[in-house]
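Quick note: residue numbers are just sequence positions, from 1. Just follow the structure's listing: the first ligand is 1, and inside any ligand the first atom is 1.
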Amino acid sequence: MPNPASPAVTIVGGGLVGALLACLLAQRGFAVEVFERRRDPRVAGYAGGRSINLALAERGLHGLRLAGLGEEVMRLAVMMRGRMVHHRDGHCELLRYGRDDSQVIWSLSRGRLNIALIDAAERAGARFRFEQRLHDARFADEVTLQLVDEASGATHTHQTPFVLGCDGAGSSLRAAMNRAQALGERIEELGHGYKELEIPSRGAADAATAFAIEANALHIWPRGNYMCIALPNAEGHFTVTLFLPNQGAPSFAQVNNAGAARALFERDFADLLPMLPEFDADFSGNPVGTLATLYLDHWHLDRRALLLGDAAHAIVPFHGQGMNCGFEDAVELAELFAAHDEDSAWIFAEFERRRRPNAAAIAAMALENYVEMRDSVADPGFLLRRELGRVLADRHPDRFVPRYWMVTFSRMPYAQAFARGAIQDALLHELADGHDRLDDIGLAKADARVRARLQPLTAA
Ligand code: FAD
Ligand code: E1W
């Protein structure tokens with residue numbers, strides 16, 4: 001039960017990060033109140049909009065386990081063993097993500113996950129106020145939130161010593177903070193957008209045969225400057241996402257109606273198109289989403305407001321880590337609140353100090369991964385380095401760990417994964433540049449360099 005002596009915590013945004021944070025804080029005895037713009041998804045059905053399915057990896061799963069949701073979430077999830085690459089000529093290959101089925105990722109419905117988190121937070125004592133949209137905030141000695149009741153249109157205020165902003169990439173709290181004190185906001189548009197389409201379930205009674213394509217994989221159709229992906233859903237359908245430049249050929253500027261889109265798919269995604277029976281309606285009805293990286297110089301306004309999750313550091317989705325990173329934020333902040341008696345200014349500054357390098361690292365890695373994802377034709381040098389990387393990873397499993405593994409299957413700080421990845425990449429260049437074949441590269445020299453440059457992870 002909430003301890004009446006504990007301070008009240010006000011959260012704006014009851015999405016994935018806000019609901020997990022509410023749960024973790026309520027479990028630690030805080031009196032939590034969450035203002036969420038949307039209707040209660042348990043009553044209204046989930047009006048999630050963006051990205052219906054999400055990939056959950058070790059970092060996010062850890063946060064869910066701490067909230068007591070590990071088992072419930074596993075029941076809602078579909079295992080993805082690897083990426084299934086669909087080549088232009090129609091043939092597919094499964095590239096395993098990890099060593100075996102202990103290193104996999106999970107596909108989850110955003111809506112069902114959000115509901116599970118809201119339920120758990122309420123069970124722990126948090127209070128959700130739905131259809132309450134933050135309109136503005138005034139920062140005096142206390143914070144005054146101006147909220148709009150979306151059902152009636154009425155405006156009311158809520159006073160609180162401090163507020164936690166989990167209201168996503170388009171954060172209203174961030175805008176209000178920025179008016180009080182410049183946050184140094186920089187938004188870097190990727191110049192590519194996305195559109196969601198659906199592969200329906202085959203409707204078979206037996207879940208094992210319900211999937212139109214391999215269920216336990218993340219499907220990718222890489223086509224150079226653009227691509228499609230598909231993530232399985234527990235009910236047997238897949239959410240397909242087309243990622244495409246906004247300008248140029250082909251682009252969303254040019255492919256701006258169902259007819260043009262159909263022509264693009266007939267040419268470039270011929271095996272996918274027949275699985276999309278509602279293609280025209282999906283393409284016409286679903287919006288083009290924008291993709292950008294958000295950089296801020298400040299995540300908090302002294303003791304009065306802190307941003308976390310996408311509100312603080314939205315990233316492009318190509319590593320499938322935005323939610324996972326936001327869940328790490330929630331865990332870190334809840335631990336700081338529970339372990340320290342310092343005032344909120346100290347906690348917010350410490351949170352920012354710990355999380356900023358990691359948010360910056362995953363932002364950079366997510367951008368890099370887009371190029372690797374969509375380029376099916378890799379140059380020979382890249383292929384040789386990748387082959388050598390596999391050999392070194394086999395020979396030094398404690399030292400040479402593929403960066404994707406460190407990001408996806410471990411909880412090593414992102415900044416450390418990024419730095420180790422850079423050392424590994426430099427090593428591969430030193431050893432492989434100027435060679436055409438793996439056999440020409442001296443492994444004794446390679447082993448010595450790995451030992452000199454990469455400390456064992458267990459000791460790190
Ligand atoms: P959100 O989930 O956006 O939640 C914000 C909440 O605040 C919402 O409930 C919203 O209604 C509410 N809100 C907004 N404004 C107000 C207001 N003014 N007043 C009150 N409430 C408000 N991440 C992964 O880890 N794996 C993936 O596979 C993955 N795939 C993705 C694919 C795409 C195409 C995209 C765009 C993103 C993907 N992400 C993925 C990233 C992930 O969606 C985000 O990182 C995650 O949703 C961030 O959670 P959040 O709670 O910070 O923000
Ligand atoms: C993952 C939206 C999304 C989500 C993802 C991933 C990708 C490409 C995208 C990265 C990946 C899981 N990835 N997949 N295969 N290689 N890298 O691992 O979440 Cl576009």
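- Taking any N or O of Gly320, backbone or side chain, at least one lies under 3.5 Å from an N or O belonging to ligand 1.
- Below 4.0 Å from some heavy atom of Gly322 lie the following atoms of ligand 1, by number and element: 23 (N), 24 (C), 25 (O), 41 (C), 45 (O).
- Between Arg386 and Glu372 there is no salt bridge, since no side-chain nitrogen of the basic residue lies less than 4.0 Å from a carboxylate oxygen of the acidic one.
- Ring pair Phe318/Tyr370 is parallel by interplanar angle, where below 30° counts as parallel and above 60° as perpendicular.
- With hydrogens and angles ignored, the 3.5 Å screen pairs a side-chain donor or acceptor of Asn358 with a backbone N or O of Ala415.
- Polar contact check, Asp310 against ligand 1: a nitrogen or oxygen pair lies under 3.5 Å apart.
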What pairs of donor and acceptor atoms, side-chain ones from residues 152-168 against any protein atom, are under 3.5 angstrom apart with sequence neighbours left out?
unit_1	atom_1	unit_2	atom_2	d
Ser152	OG	Ala154	N	3.1
His156	NE2	Gln132	OE1	2.6
His158	NE2	Thr10	OG1	3.2
Thr160	OG1	Thr10	OG1	3.2
Thr160	OG1	Phe162	N	3.4
Thr160	OG1	Phe162	O	2.8
Asp167	OD1	Ser171	OG	2.6
Asp167	OD2	Ser171	OG	3.2
Asp167	OD2	Ser172	N	2.9
Asp167	OD2	Leu173	N	3.0

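- Shown here is Arg411, whose CZ atom has no more than 12 heavy atoms of other residues, nucleotides or ligands within 6.0 Å.
- At a heavy-atom distance under 4.0 Å, only side-chain atoms of Tyr194, from C-beta outward, approach ligand 1.
- Residue contact check for ligand 1: Leu16 places a non-hydrogen atom closer than 4.0 Å to it.
- Checked by distance only, ligand 1 and Ala169 stay at 3.5 Å or farther apart across all their nitrogen or oxygen atoms.
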Run through all N or O atoms in ligand 2 and write down each protein N or O closer than 3.5 Å, as a pair with its distance.
unit_1	atom_1	unit_2	atom_2	d
ligand 2	14 (N)	Tyr97	OH	2.9
ligand 2	15 (N)	Arg83	NE	3.2
ligand 2	15 (N)	Tyr97	OH	3.1
ligand 2	16 (N)	Arg83	NE	3.1
ligand 2	17 (N)	Asn369	ND2	3.3
ligand 2	18 (O)	Tyr404	OH	2.5

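- Heavy-atom contacts of Phe35 reach the following atoms of ligand 1: 20 (C), 21 (N) (cutoff under 4.0 Å).
- Salt-bridge check for Arg354 with Glu335: failed, with every basic side-chain N at 4.0 Å or more from each acidic carboxylate O.
- Applying the ring pair (Phe, Tyr, Trp, His ring centres under 6.0 Å) definition to pairs two or more places apart or across chains, those involving residues 96-120 are Tyr97-Tyr404.
- Counting heavy atoms only, Glu36 comes closest to atom 11 (O) of ligand 1 of the residues His313, Glu36, Arg59.
- Of all the listed residues (Asn114, Leu54, Leu108), Leu54 holds the heavy atom that lies closest to atom 30 (N) of ligand 1.
- A salt bridge links Asp136 with Arg179: at least one charged nitrogen is closer than 4.0 Å to a carboxylate oxygen.
- For atom 2 (O) of ligand 1, the candidate residues are Arg110, Met323, Arg37; the nearest heavy-atom contact is made by Arg110.
- Within ligand 1, the atoms closer than 4.0 Å to a non-hydrogen atom of Gly309 are 52 (O), numbered from 1 in the order shown.
- With salt bridges taken as basic N to acidic carboxylate O contacts below 4.0 Å, none links Arg390 and Glu387.
- The contact set between ligand 1 and Gly15, taken as ligand atoms under 4.0 Å from a residue heavy atom, comprises 4 (O), 6 (C), 9 (O), 51 (O).
- Distances below 4.0 Å separate heavy atoms of Ser172 from the following atoms of ligand 1: 18 (N).
- Between the side chains of Trp221 and Asp268, no donor-acceptor pair is found at a separation under 3.5 Å.
- At a cut-off of 3.5 Å, with distance as the only test, a side-chain donor of His87 or Glu93 sits close to an acceptor on the other residue.
- Listed by number with element, the atoms of ligand 1 under 4.0 angstrom from any heavy atom of Ala55 are 24 (C), 25 (O), 26 (N), 27 (C), 28 (O).
- The closest heavy-atom contact to atom 14 (C) of ligand 1, among the options Leu134, Asp167, Ile11, comes from Asp167.
- Considering both main-chain and side-chain atoms, Thr241 never comes within under 3.5 Å of ligand 1 through any nitrogen or oxygen pair.
- In summary, Asp101 and Arg96 engage in a salt bridge, as defined by a charged side-chain N under 4.0 Å from a carboxylate O.
- With a heavy-atom cut-off of 4.0 Å, His135 does not touch ligand 1 at all.
- A salt bridge is absent between Glu72 and Arg112; no separation between the charged side-chain nitrogens and carboxylate oxygens falls under 4.0 Å.
- Remark: distances from the non-hydrogen atoms of Cys166 to ligand 1 include one below 4.0 Å.
- Between His313 and Cys325, the closest heavy-atom pair is CE1-SG, 3.7 Å.
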Without placing hydrogens or testing angles, list every side-chain donor-acceptor pair under 3.5 Å for residues 283-294, not counting sequence neighbours.
unit_1	atom_1	unit_2	atom_2	d
Ser284	OG	Asp280	O	2.8
Asn286	ND2	Glu196	O	2.6
Asn286	ND2	Asp282	O	3.4

